[in-house]
Amino acid sequence: MEDVRARMPVPRNEPGFAYAPGQPETARLKAALSQQLSAQTEVAPIIDGKPVLTGVTQVMRPPHRTAHSLGVCHLAGTAEVEKAIQGALKVSLDWARTSTTERAAIFLRAADLLSGKYRDTLNAATMLAQSKTCHQAEIDSACELIDFFRFNVYFQQQLHRIQPKSTPEMANTLQYRPLEGFVFAVTPFNFTAIAGNLPTSAALMGNVVLWKPASSAVYSGHFIMKILEEAGLPPGVIQFLPGNAGKVASPILGNSNLAGIHFTGSTGVFQGMWKTIGDNIAKYRSYPRIVGETGGKDFVMVHPSAEVDVITTALIRGAFEYQGQKCSAASRAYIPSSKWPQVKDKLVETLRTIKMGDVTDFSCFMTAVIDEKAYDRIVGYIEGAKASGDTQLIAGGTYKKDPGFFIAPTVLETTNPRAVTMVEEIFGPVLTVYVYDDAKFEETLHLCDQTSPYALTGSILSQDRAAVELAGRILNQSAGNFYINNKPTGAVVGQQPFGGARASGTNDKAGSIINLLRWTSVRTISETFVPPVDYRYPFLG
């Protein structure tokens with residue numbers, strides 16, 4: 001179809017449900033949970049629009065109820081990956097030629113399907129497979145993913161409007177072509193919205209994509225593919241490849257048609273992929289675009305002017321929502337000595353009211369961490385802190401593996417600002433507090449900036465505007481998303497483009513026009529209406 005671009009409306013952020021007791025949406029979501037718990041779902045790689053039952057399977061189990069099976073997932077191997085590469089390349093030209101309006105329409109339909117028909121389905125899948133509360137699932141797998149679909153279309157339209165100057169004698173155009181080859185999307189377990197956005201943002205710009213979901217999020221990924229298929233995404237544009245990381249990634253990274261990587265995950269894995277690309281750089285048809293968000297050691301800096309209730313709420317929500325399994329989660333806090341006694345008492349008192357349990361119990365604020373490997377790693381940090389001479393346990397510190405991987409919200413206080421739990425990413429419900437002398441606020445800002453290799457998110461809590469300004473200057477490079485008088489989590493698409501630098505990634509700002517530009521190869525087209533017919537310039541006389 002001719003590439004005539006419709007003017008898309010300015011999107012609005014998807015409103016979320018509160019799931020209060022007795023409300024119809026609460027009943028619908030509970031029914032979806034019950035239905036999925038009673039079913040055995042078969043998940044498989046989707047290659048060229050068809051499920052491929054490899055026979056090599058893993059059981060999908062809820063982290064909060066590990067004895068239960070949601071079904072099995074067939075895992076892709078080298079043969080399936082090679083088939084997926086060839087299938088994607090086969091449809092790449094047709095997809096690139098599909099008009100921007102037609103591509104946009106597919107993802108707008110996907111947003112509408114998710115907003116209505118599939119909302120309870122995907123929320124329930126996220127709750128069960130990734131142990132999210134109804135609230136955490138709603139703001140993730142419903143609202144944020146819907147926003148990604150709608151806002152990315154709007155950003156795409158804005159991008160195409162960025163054009164060079166033309167003259168009466170010459171027309172100049174920027175053509176936003178897809179990359180030459182395929183994009184490899186590697187997505188994490190902790191946000192279904194990220195899992196949906198990484199492959200689709202690249203596909204929206206005309207790229208074909210190989211998508212490897214996290215092994216613990218294949219269940220929700222399966223339903224995302226169903227939504228995209230029903231929305232009209234052509235077979236082969238996004239190839240769904242659950243499987244062992246090495247078996248899926250190795251043939252992809254070694255293929256000469258690799259055009260880009262869209263990644264969210266650990267720093268170590270991302271650096272390993274980057275090194276592999278560097279080692280293979282001479283074999284690729286073009287230099288692969290590398291876009292990654294790789295975690296954080298996110299801070300809350302408290303000024304003496306901050307209010308105790310504000311501090312406590314920011315710390316509890318920032319550190320313990322979704323069990324601290326957010327790359328933006330608050331995991332280190334700097335609190336002035338004048339405030340700490342009150343904050344400490346309030347934290348301990350409030351944490352006693354937090355209920356932790358099964359996701360089907362909507363009165364729970366927290367559930368289980370994602371798997372046994374994560375559980376053991378987090379417990380190791382807690383026990384190491386207990387045994388250290390410079391850190392003491394303030395709250396929590398308990399854990400159990402039955403009926404799932406439950407770790408209580410844990411608060412540590414350290415006298416060592418460079419203690420392990422102040423420096424390393426834990427990715428669990430562990431918050432470490434360093435208490436500083438009120439007179440050393442500026443010095444502590446420098447300490448905060450220099451302590452961690454990460455620079456993803458952070459916040460300043462203060463009623464003193466001069467202190468806020470000072471923190472903003474000293475912590476200028478410490479966080480890609482900097483929050484004033486709020487927790488360092490909760491970025492909303494279209495409002496707070498998300499991403500950080502240093503060890504936190506390439507800061508290409510998911511949920512913005514900046515990210516979409518990375519998935520294009522821009523061509524300048526210049527047409528001269530009346531071409532010259534003589535080589536001689538006037539200066540030649």
Side-chain angles (χ1 to χ4, degrees), residues 267 293-308 310-312 314-315 318-319 324 327-344 347 381 385 388-392 394 411-426 430-489 491 496 498-507:
T267 300
E293 192 269 289
T294 58
K297 189 64 183 175
D298 310 295
F299 61 85
V300 176
M301 174 61 65
V302 180
H303 184 260
S305 64
E307 298 176 359
V308 171
V310 171
I311 300 167
T312 306
L315 293 178
C327 45
S328 58
S331 60
R332 55 184 171 125
Y334 300 83
I335 301 180
S337 57
S338 63
K339 290 290 183 182
W340 177 232
Q342 298 174 71
V343 171
K344 178 180 176 181
L347 268 175
Y381 277 106
S388 73
D390 53 23
T391 303
Q392 61 174 315
I394 300 301
V411 180
L412 306 170
E413 180 187 354
T414 186
T415 57
N416 177 9
R418 286 181 170 40
V420 171
T421 58
M422 290 289 287
V423 176
E424 297 182 7
E425 184 179 42
I426 300 173
V430 180
L431 171 69
T432 305
V433 174
Y434 173 70
V435 181
Y436 70 90
D437 187 310
D438 289 41
K440 296 183 177 180
F441 176 65
E442 184 170 348
E443 180 181 322
T444 306
L445 289 173
H446 287 287
L447 179 66
C448 176
D449 175 58
Q450 297 162 8
T451 294
S452 168
Y454 297 98
L456 187 57
T457 74
S459 68
I460 173 69
L461 305 181
S462 174
Q463 296 303 306
D464 183 331
R465 195 65 206 180
V468 170
E469 293 297 320
L470 179 64
R473 289 197 302 272
I474 293 175
L475 301 174
N476 182 50
Q477 295 288 347
S478 303
N481 284 55
F482 186 62
Y483 297 83
I484 300 170
N485 289 321
N486 202 352
K487 59 185 173 64
T489 68
Q496 296 99 21
F498 189 79
R502 295 181 180 171
S504 289
T506 58
N507 201 16

Tell me if a side-chain donor or acceptor on [X] pairs with a main-chain N or O of [Y] at a distance below 3.5 Å.
{"X": "Asp437", "Y": "Pro336", "answer": "no"}
{"X": "Lys297", "Y": "Thr421", "answer": "yes"}
{"X": "Glu413", "Y": "Val433", "answer": "no"}
{"X": "Ser305", "Y": "Gln463", "answer": "yes"}
{"X": "Asn486", "Y": "Ala314", "answer": "no"}
{"X": "Ser504", "Y": "Gly295", "answer": "yes"}
{"X": "Thr267", "Y": "Ala503", "answer": "yes"}
{"X": "Thr457", "Y": "Asn481", "answer": "no"}

Provide the closest heavy-atom pair for [X] versus [Y] in the form atom of the first, atom of the second, distance.
{"X": "Leu431", "Y": "Ala319", "result": "CB-CB, 4.1 Å"}
{"X": "Ala501", "Y": "Asn507", "result": "N-CB, 4.2 Å"}
{"X": "Pro453", "Y": "Arg502", "result": "O-CB, 3.1 Å"}
{"X": "Glu293", "Y": "Cys327", "result": "OE1-SG, 3.1 Å"}
{"X": "Ser478", "Y": "Asp449", "result": "OG-OD1, 2.5 Å"}
{"X": "Gly500", "Y": "Leu456", "result": "N-CD1, 3.3 Å"}

Does anything in residues 430-451 pair up under ring pair (Phe, Tyr, Trp, His ring centres under 6.0 Å), and if so which pairs, sequence neighbours excluded? His303-Phe441

Euclidean distance, [Y] [atom2] relative to [X] [atom1], rounded to 0.5 Å:
{"X": "Leu475", "Y": "Ser459", "atom1": "CG", "atom2": "OG", "value": "10.0 Å"}
{"X": "Asp298", "Y": "Thr489", "atom1": "CG", "atom2": "OG1", "value": "9.0 Å"}
{"X": "Ile474", "Y": "Glu443", "atom1": "CD1", "atom2": "CD", "value": "10.5 Å"}
{"X": "Arg418", "Y": "Ser452", "atom1": "CZ", "atom2": "OG", "value": "10.5 Å"}
{"X": "Tyr381", "Y": "Leu412", "atom1": "OH", "atom2": "CG", "value": "12.5 Å"}
{"X": "Leu470", "Y": "Leu445", "atom1": "CG", "atom2": "CG", "value": "5.5 Å"}

Restricting to salt bridge (Lys or Arg N to Asp or Glu O under 4.0 Å), what partner residues turn up for Arg473, sequence neighbours left out?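 For Arg473 there are no salt bridge (Lys or Arg N to Asp or Glu O under 4.0 Å) partners, ignoring immediate neighbours.
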
Under the salt bridge (Lys or Arg N to Asp or Glu O under 4.0 Å) rule, collect the residues that match up with Glu469, sequence neighbours excluded.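 If we apply the salt bridge (Lys or Arg N to Asp or Glu O under 4.0 Å) test to Glu469, skipping adjacent residues, the hits are Arg465.
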
Evaluate side-chain hydrogen bond (donor to acceptor under 3.5 Å, both in side chains) for Ser462 paired with Asp464, printing each intermediate quantity in order. CA-CA 5 Å; Ser462 174; Asp464 183 331; 5.3 Å; no

Are there more than 12 heavy atoms of other residues, nucleotides or ligands under 6.0 Å from atom CD of Glu442? no

Is there a donor-acceptor contact under 3.5 Å linking the side chains of Tyr483 and Gln496? no

For Asn416 and Thr414, test the side chains for any donor-to-acceptor distance below 3.5 angstrom and give the result as yes or no. no

Go through the steps to decide whether Asn476 and Phe482 satisfy the test side-chain contact (heavy atoms from CB on, under 4.5 Å), and finish with yes or no. CA-CA 9 Å; Asn476 182 50; Phe482 186 62; over 6 Å; no

So if I apply the side chain to side chain contact (heavy atoms under 4.5 Å, CB included) rule between Leu315 and each of Leu461, Ile335, Val411, which one comes out positive?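 Of the listed residues Leu461, Ile335, Val411, the side chain to side chain contact (heavy atoms under 4.5 Å, CB included) partner of Leu315 is Ile335.
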
